[in-house]
Amino acid sequence: MRLLKSQSVKPRPISEFLMKLGSIRCYVSSCRAVLLPRFGGPEVLELRPDVPVPDLKPNEVLVRARAVSINPLDTRMRSGYGRSIFQPLLPFILGRDISGEVAAVGASVKSLTVGQEVFGALHPTAVRGTYTDYAILSEDELSPKPTSITHVEASAIPFAALTAWRALKSTARITEGQRLLVIGGGGAVGFAAIQLAVAAGCHVTTTCGNQSINRVTAAGAEQAVDYTAEDIEAVIKGKFDAVLDTIGVPETERIGINLLNRGGHYMTLQGEAAAISDRYGLPIGLPVASAVLLKKRIQHQYSHRIEYSWIYMRADSEGLHEIRRLSEAGKLNIPVEKTFSISQVREAHEAKDKKKILGKVVLELD
């Protein structure tokens, strides 16, 4: 990958963001960003030095990025997942998670101030992502960064933890004493779900690979089943009030549903909306996807008396602030396995594609 350096550019009227750096006032109209000009492998990613920074809307915040994490959604989008939605919007900037400092705020922003350290995550369908020196997020997508962790550590948390929060708190509405099964507790969303459930006083069982057993039990899982060596259905005893399936293949769906109590919630991260829309096109695909989900809900309500849901991350200000509180208290973290410079974004994506790095990968911005 060719290394590109930021260039000094004369401010343009298109976007004049006021930033207070001590007593110095300056304007940002463009910055470095990783653009996706077309779908494909890591080689299609382009680090450009002079990408325009749009004007802030009243509820938006300009964040000087210090670290951004790579999520599975990033690599899937780069490869063409969701093309029915995103192809007309090419080129766009990838990235969801961010940790950095507030550089400017919109007119209606009240809870954040310039210079404040923040972390947060964009919605899955955002097209101006966080792989950039200056990202734009809405006020409710950000929270003060936990002071006890670094920008690298903070950037790994929001998207995964908010996805888990939506499943457990917004959908299943877990309460103290309930039993939760996390299928795939070794991944970022599954690991966040374990910690959120433990903090809520739930009893957690999880499946994962052998390399994750010690980590998930240390996080509070009462039973960790190595799916590569054990028969999940034979080893796990009893029924659960909620199942979060981060794998989402037919076999894990069958197991999860069979292990639920009546009235329980089965939640999968592998919703079919984007795949169906890609297959049939957006105008037909979205109604078809809605019909497929409705059919599954009715089917499982009738056959097993359970609730069935596809889970997607959404901004949740209350959830993000609780995630911050738990992280600050040392009760929620997502381990980072390796960091890369933003100029090494291709290498980072290639490592994730080839599964050379199984854990969380973070891009640092100097």
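The shown structure was predicted, so the numbers you read here are calculated from the model rather than taken from an experiment.
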### Message
Quick one, Ser111 with Glu139, criterion side chain to side chain donor-acceptor pair (under 3.5 Å). Give me CA distance, side-chain angles, the key distance, then yes/no.
### Response
CA-CA 8 Å; Ser111 64; Glu139 183 177 13; 2.6 Å; yes

Would you say the side-chain atoms of [X] pair up with the backbone N or O of [Y], donor to acceptor, closer than 3.5 Å?
| X | Y | answer |
| --- | --- | --- |
| Glu307 | Gly263 | no |
| Lys356 | Ala348 | no |
| Ser170 | Ala167 | no |
| Asp245 | Ile247 | yes |
| Ser69 | Ser155 | yes |
| Thr163 | Val189 | no |
| Ser327 | Ile323 | no |
| Thr228 | Gly209 | no |
| Asp133 | Cys31 | no |
| Thr130 | Arg96 | yes |

About how many Å separate [atom2] of [Y] and [atom1] of [X], when rounded to the nearest 0.5 Å?
| X | Y | atom1 | atom2 | result |
| --- | --- | --- | --- | --- |
| Leu168 | Gln178 | CG | CD | 10.5 Å |
| Leu365 | Thr132 | CG | OG1 | 7.5 Å |
| Leu137 | His123 | CG | NE2 | 13.0 Å |

Check this for me: does any side-chain nitrogen of one of [X] and [Y] sit under 4.0 Å from a carboxylate oxygen of the other?
| X | Y | value |
| --- | --- | --- |
| Arg32 | Asp366 | yes |
| Arg346 | Glu350 | no |
| Arg78 | Asp353 | yes |
| Arg66 | Glu101 | yes |

Linking I/L/V/M/F/W/Y whenever any side-chain heavy atoms sit under 4.5 Å apart, do [X] and [Y] land together?
| X | Y | result |
| --- | --- | --- |
| Leu181 | Ile232 | yes |
| Val235 | Ile213 | no |
| Leu89 | Leu45 | yes |
| Ile342 | Val362 | no |
| Val336 | Leu326 | no |

Determine, for [Y] and [X], whether the Lys NZ or Arg CZ falls below 6.0 Å from the six-membered ring centre while staying within 45 degrees of the axis.
| X | Y | result |
| --- | --- | --- |
| Arg179 | Phe240 | yes |
| Arg215 | Phe191 | yes |
| Arg64 | Tyr134 | yes |

Nearest heavy-atom neighbours spanning [X] and [Y]:
| X | Y | result |
| --- | --- | --- |
| Ile183 | Gly256 | CD1-CA, 4.1 Å |
| Ala188 | Lys360 | CB-NZ, 4.3 Å |
| Asn333 | Ile157 | CA-CD1, 4.5 Å |
| Cys208 | Val216 | SG-CG2, 3.9 Å |
| Val102 | Leu112 | CG2-CB, 4.4 Å |
| Val204 | Ala197 | CG2-CB, 3.6 Å |

### Message
Does the plane of the ring in Phe86 sit parallel, tilted or perpendicular to the ring in Phe92? Use 30° and 60° as the thresholds.
### Response
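Phe86 vs Phe92 ring planes: tilted.
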
### Task
Please step through salt bridge (Lys or Arg N to Asp or Glu O under 4.0 Å) for the pair Arg325 and Glu322, ending with a clear verdict.
CA-CA 5 Å; Arg325 187 189 69 80; Glu322 177 63 11; 2.6 Å; yes

Do [X] and [Y] have side chains that approach each other closer than 4.5 Å (heavy atoms only, starting at C-beta)?
| X | Y | result |
| --- | --- | --- |
| Ile70 | Tyr131 | yes |
| Glu153 | Ser148 | no |
| Glu117 | Pro144 | no |
| Leu196 | Leu332 | yes |
| Leu320 | Phe119 | yes |
| Val53 | Arg128 | yes |
| Pro158 | Asp97 | yes |
| Val225 | Ile236 | yes |

Assess whether atom [atom1] of [X] is packed by more than 12 heavy atoms of other residues, nucleotides or ligands within 6.0 Å.
| X | atom1 | result |
| --- | --- | --- |
| Tyr227 | OH | no |
| Glu222 | CD | yes |
| Lys239 | NZ | yes |
| Arg254 | CZ | yes |
| Glu176 | CD | no |
| Arg83 | CZ | yes |

Using only heavy-atom distances, determine whether the side chains of [X] and [Y] contain a donor-acceptor pair under 3.5 Å.
| X | Y | result |
| --- | --- | --- |
| Ser317 | Asp140 | no |
| Thr268 | Glu253 | no |
| Ser108 | Asn59 | no |

### Task
Verify side-chain contact (heavy atoms from CB on, under 4.5 Å) between Val105 and Lys110, making sure each step is shown before the conclusion.
CA-CA 9 Å; Val105 298; Lys110 304 299 182 186; over 6 Å; no

### Query
How far apart are the C-alpha atoms of Glu141 and Ser138, what are their side-chain angles, what is the distance that settles it, and do they pass the side chain to side chain donor-acceptor pair (under 3.5 Å) test?
CA-CA 5 Å; Glu141 292 173 327; Ser138 63; 3.2 Å; yes

### Query
Given Val361 and Glu337, is the side-chain contact (heavy atoms from CB on, under 4.5 Å) satisfied, shown in steps?
CA-CA 6 Å; Val361 170; Glu337 186 167 338; 5.8 Å; no

#### Entry: Trace of the side-chain contact (heavy atoms from CB on, under 4.5 Å) decision for Val118 with Lys145
CA-CA 4 Å; Val118 292; Lys145 182 184 78 67; 5.6 Å; no

### Message
What verdict does the side-chain contact (heavy atoms from CB on, under 4.5 Å) test give for Leu94 and His349, after you've listed the backbone C-alpha separation in whole Å, the side-chain angles of each residue and the deciding distance to 0.1 Å?
### Response
CA-CA 11 Å; Leu94 287 175; His349 268 242; 4.1 Å; yes

### Task
Kindly indicate, with the supporting measurements, whether the criterion side chain to side chain donor-acceptor pair (under 3.5 Å) is fulfilled by Glu364 and His151.
CA-CA 9 Å; Glu364 292 188 272; His151 283 300; over 6 Å; no

